[in-house]
Amino acid sequence: MIFEEAGCSFNLNSPKQLGEILFNSLKLEEKPKKTKTGQYQTNEQVLTRLAVRFDIARHILEYREATKLKNTYVDVLPSHVLEKTGRIHTTYAQVATATGRLASNGPNLQNIPIRSAQGQEIRKAFIPRSPDRVLLSADYSQIELRIMAELSGDPGMLEAFERGQDVHSATASRVYGVGLTDVSDEMRRQAKMINFGLMYGMSVFGLSQRLGIPRKEAQEIVESYFAQFPGIKTYIDKTIEFAHENGFVETIVGRRRYLRDINSRNKTIRMSMERNAINTPIQGSGADMIKMAMVRIQRAMRDAGLESRMVLQIHDELVFDVVKPELGPVREIVESNMIQAMPMTVPIEVDIGVGDNWLEAH
DNA sequence: AATTTCACG
DNA sequence: ACGTACGTGAAATTA
């Protein structure tokens with residue numbers, strides 16, 4: 001099908017060949033974006049934009065999704081089943097990431113699909129070790145935004161969490177000056193983009209690109225945001241200043257990440273380090289919190305003599321293989337220790353689900 | 001070994 | 001004028 005549309009056959013797994021077909025032979029774009037090595041970009045963002053007008057782009061996206069899932073998960077995971085246990089065991093690297101998160105490899109169980117319908121079918125394959133058990137998944141709700149609220153002490157952001165509001169809707173309500181119930185889906189989508197973007201050090205230009213709006217409009221949105229949440233602006237400015245003066249930033253409990261190039265004369269490098277400075281206390285504090293929770297939970301489960309086991313950590317989520325009669329005590333131990341892992345001013349919420357597979361538990 | 005892409009938080 | 005959102009691991013292709 002794709003080769004018919006292309007007018008010839010080629011290696012569909014080769015971004016290089018695909019780019020030449022799309023942009024040299026078919027000329028689907030006037031001035032295609034190139035990678036730093038001069039090849040045409042053919043990533044999802046590019047193909048999605050083309051897919052509005054060209055069926056071939058849509059078909060390539062479908063091919064990419066299917067082959068990604070097959071090659072990375074369906075064909076590979078069975079080979080990781082250990083003979084001794086009959087189960088898959090990952091290895092967690094405790095000193096691998098720059099921010100203090102864990103990393104998972106051999107296989108990576110921190111990137112099991114969930115977003116697409118086909119991906120969800122893969123997640124369903126993760127089940128308890130025996131029929132007398134269920135999987136319990138506990139994840140921190142909006143943990144990084146809560147940490148940003150904590151670090152910044154911004155009254156508006158704290159208030160949204162204290163009132164138990166949907167933080168993106170609450171943000172949209174303030175930024176666009178409408179009632180909480182009058183927030184449209186589009187307004188919430190934009191507010192969500194800003195909330196996440198700011199935690200990553202996104203620029204006005206970056207926001208305009210992602211929202212598909214002119215820079216000027218993005219600038220106005222950001223100005224309105226900082227007028228409503230001045231503490232966030234102060235946090236960003238103070239954190240960058242601290243990093244320039246000290247050469248490191250730190251999490252809530254004082255763990256540091258050194259940023260050797262924070263004072264680089266190269267603007268690109270320096271700005272990259274400034275984004276690291278903004279994000280690391282947020283992502284790193286979340287990593288500290290869940291690690292402290294894991295230690296407390298493990299201890300509590302052992303002390304209670306439970307047979308249920310903590311089996312996975314996925315950054316803001318813990319998964320447990322639970323013997324059914326232990327569901328009550330496990331739920332209580334997990335929830336209370338995740339919430340109390342680190343002393344916080346902002347309320348911490350944990351969502352817990354139970355099911356016969358990982359998808360259901362979510 | 002480097003590049004590109006894409007799965008996840 | 002430039003470059004433009006953080007953190008990972010893995011697969012396939014290219015060099």
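Note that the structure is a prediction, hence the values are computed from the model and not measured. Scope of the values below: all heavy atoms of this structure, side chains included, with no hydrogens, waters or symmetry mates. The sequence lines fix the lettering, A, B, ..., with proteins before strands; numbering per chain opens at 1.
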- request: Using a heavy-atom cut-off of under 4.0 Å over every strand shown, decide if A:Glu317 touches base, sugar-phosphate, or nothing.
  value: nothing

- prompt: How about A:Lys192: does its NZ atom have over 12 heavy atoms from other parts shown lying under 6.0 Å from it?
  reply: no

field: Protein-nucleotide distance (A:Ile60, atom CD1; B:dC6, atom C1'), rounded to Å
entry: 16 Å

query: Just checking A:Ala98: base, sugar-phosphate only, or nothing, at a heavy-atom cut-off of under 4.0 Å?
result: sugar-phosphate

message: Going by the rule salt bridge (Lys or Arg N to Asp or Glu O under 4.0 Å), which residues pair with A:Asp351 if we only count those two or more places apart in sequence or in a different chain?
response: none

task: Take atom CD of A:Gln45 as the centre, draw a 6.0 Å sphere, and report whether it contains more than 12 heavy atoms from other residues, nucleotides or ligands.
output: no

- prompt: Starting at CG of A:Leu12 and ending at P of B:dT4, how long is that distance when rounded to a whole Å?
  reply: 18 Å

field: Contact list for DNA chain B against residues 226-264 of chain A - heavy-atom distance below 4.0 Å
entry: none

- request: Provide the closest heavy-atom pair for A:Met202 versus A:Met193 in the form atom of the first, atom of the second, distance.
  value: CE-O, 3.8 Å

message: Does A:Arg189, at its CZ atom, have more than 12 non-hydrogen atoms belonging to other residues, nucleotides or ligands within less than 6.0 Å?
response: yes

Output side-chain donor-acceptor pairs under 3.5 Å for residues 147-167 of chain A, partner residues at least two apart or in another chain, one line each.
from	atom 1	to	atom 2	distance (Å)
A:Glu150	OE1	A:Thr345	N	2.9
A:Glu150	OE1	A:Val346	N	2.8
A:Glu150	OE2	A:Thr345	N	3.0
A:Glu150	OE2	A:Thr345	OG1	3.4
A:Ser152	OG	A:Met148	O	2.8
A:Ser152	OG	A:Ala149	O	3.3
A:Ser152	OG	A:Asp154	N	3.2
A:Asp154	OD1	A:Gly231	N	2.7
A:Asp154	OD2	A:Gly156	N	3.1
A:Asp154	OD2	A:Met157	N	3.0
A:Glu159	OE2	A:Arg163	NH1	3.4
A:Glu159	OE2	A:Arg163	NH2	3.1
A:Asp166	OD1	A:His168	N	3.0
A:Asp166	OD1	A:Ser169	N	2.9
A:Asp166	OD1	A:Ser169	OG	3.4
A:Asp166	OD1	A:Arg188	NE	3.4
A:Asp166	OD1	A:Arg188	NH2	3.4
A:Asp166	OD2	A:Arg188	NE	3.2
A:Asp166	OD2	A:Arg188	NH2	3.0

statement: For A:Glu144 and A:Ile282, the nearest pair of non-hydrogen atoms, with its separation, is O-CG2, 3.5 Å

- prompt: Got a donor-acceptor pair under 3.5 Å from the side chain of A:Glu44 to the base of B:dC6?
  reply: no

task: Using whole Å, report how far CD of A:Gln313 lies from P of B:dC8.
output: 17 Å

- request: List in chain and number order the residues that pass salt bridge (Lys or Arg N to Asp or Glu O under 4.0 Å) with A:Lys34, two or more places apart in sequence or in another chain; answer none if no residue qualifies.
  value: none

Contact summary for A:Lys233 and A:Phe226, nearest pair of heavy atoms: CB-CD2, 3.5 Å

message: What is the distance, to the nearest angstrom, from the CG atom on A:Leu18 to the P atom on B:dT3?
response: 20 Å

- request: Could you tell me which non-hydrogen atom of A:Thr90 sits nearest to which non-hydrogen atom of A:Asn105, and how far apart they are?
  value: OG1-O, 3.2 Å

query: Can you list every pair that meets ring-ring contact (aromatic ring centres under 6.0 Å, His included) and has a residue in residues 266-289 of chain A, with sequence neighbours left out?
result: none

query: Base, sugar-phosphate alone, or nothing: which one does A:Leu207 contact when heavy atoms must sit under 4.0 Å apart?
result: nothing

- request: Represent DNA chain C in dot-bracket notation, 5' to 3'. Only Watson-Crick or G-U wobble pairs with both distances under 3.5 Å count; pseudoknot-style crossings use [ ] and interstrand partners use |.
  value: .....|||||||||.

message: What contact category does A:Gln209 fall into here, base, sugar-phosphate, or nothing, at under 4.0 angstrom with non-hydrogen atoms?
response: nothing

message: Please classify the nucleic acid contact of A:Thr42 as base, sugar-phosphate, or nothing, using heavy-atom distances under 4.0 Å.
response: sugar-phosphate

- request: Report the residue (A:Thr268 or A:Thr280) whose heavy-atom-nearest nucleotide on DNA chain C is the more 5′ of the two.
  value: A:Thr268

Extract all donor-acceptor atom pairs below 3.5 Å that involve side chains of residues 320-338 of chain A and protein atoms in other chains or at least two apart in sequence.
from	atom 1	to	atom 2	distance (Å)
A:Asp321	OD1	A:Arg129	N	3.4
A:Asp321	OD2	A:Arg129	NE	2.3
A:Asp321	OD2	A:Arg129	NH2	3.3
A:Lys324	NZ	A:Pro131	O	3.2
A:Glu326	OE1	A:Glu307	N	3.1
A:Glu326	OE1	A:Ser308	N	2.9
A:Glu326	OE1	A:Ser308	OG	2.5
A:Glu326	OE2	A:Glu307	N	2.8
A:Ser336	OG	A:Glu332	O	2.8
A:Ser336	OG	A:Ile333	O	3.4
A:Asn337	OD1	A:Arg296	NE	3.2
A:Asn337	ND2	A:Ile333	O	2.8

- line: Counting primed atoms, P, OP1 and OP2 as sugar-phosphate and everything else as base, the B/S/- map of nucleotides 9-15 of chain C against protein heavy atoms under 4.0 Å is SBSSSSS

task: Mind telling me whether A:Phe242 and A:Phe248 have parallel, tilted or perpendicular rings, with 30° and 60° as the class edges?
output: perpendicular

query: Between A:Lys238 and A:Glu245, is there a side-chain N and carboxylate O pair less than 4.0 Å apart?
result: no

query: Touch check for A:Asn276, heavy atoms < 4.0 angstrom, all strands: base, sugar-phosphate only, or nothing?
result: sugar-phosphate

field: Which residues share a salt bridge (Lys or Arg N to Asp or Glu O under 4.0 Å) with A:Asp185, sequence neighbours left out
entry: none

- request: Tell me which residues in residues 333-350 of chain A put a heavy atom below 4.0 Å from DNA chain B, sorted by number, or none.
  value: none

field: Any pair counted as ring-ring contact (aromatic ring centres under 6.0 Å, His included), so long as it reaches residues 91-136 of chain A, sequence neighbours left out
entry: A:Phe126-A:Trp358

- prompt: Considering only C:dT4, B:dT5, B:dT4, which nucleotide approaches the side chain of A:Asn43 most closely?
  reply: B:dT5

Close residues, residues 184-201 of chain A, relative to DNA chain C [heavy-atom separation under 4.0 Å]: A:Met193, A:Phe196, A:Gly197, A:Tyr200

field: N or O in side chain of A:Arg115 less than 4.0 angstrom from B:dC8 OP1/OP2
entry: yes

- prompt: Counting any heavy atom closer than 4.0 Å, what does A:Arg101 reach on the DNA or RNA strands: base, sugar-phosphate only, or nothing?
  reply: base

field: Separation of atom CD in A:Gln110 from atom C1' in B:dC6, rounded to whole Å
entry: 16 Å

query: Looking across every strand, which nucleic acid part, if any, lies under 4.0 Å from A:Thr99 by heavy atom: base, sugar-phosphate, or nothing?
result: sugar-phosphate

Between B:dC8 (P) and A:Asp139 (CG): distance, integer Å: 15 Å

message: Checking A:Glu65 against A:Ser116 for the side chain to side chain donor-acceptor pair (under 3.5 Å) test, could you report, in this order, the C-alpha distance in whole Å, the side-chain angles of both residues, the deciding distance, and whether it holds?
response: CA-CA 9 Å; A:Glu65 182 188 348; A:Ser116 72; 2.9 Å; yes

query: Taking OP1 and OP2 of B:dT5, is either one under 4.0 Å from a side-chain nitrogen or oxygen of A:Arg64?
result: no

- request: Using distance alone, with no hydrogens and no angle criterion, decide if A:His315 and A:Gln283 have a side-chain donor and acceptor under 3.5 Å apart.
  value: no

field: Interatomic distance, A:Arg215 CZ vs C:dG3 P [rounded to whole Å]
entry: 13 Å

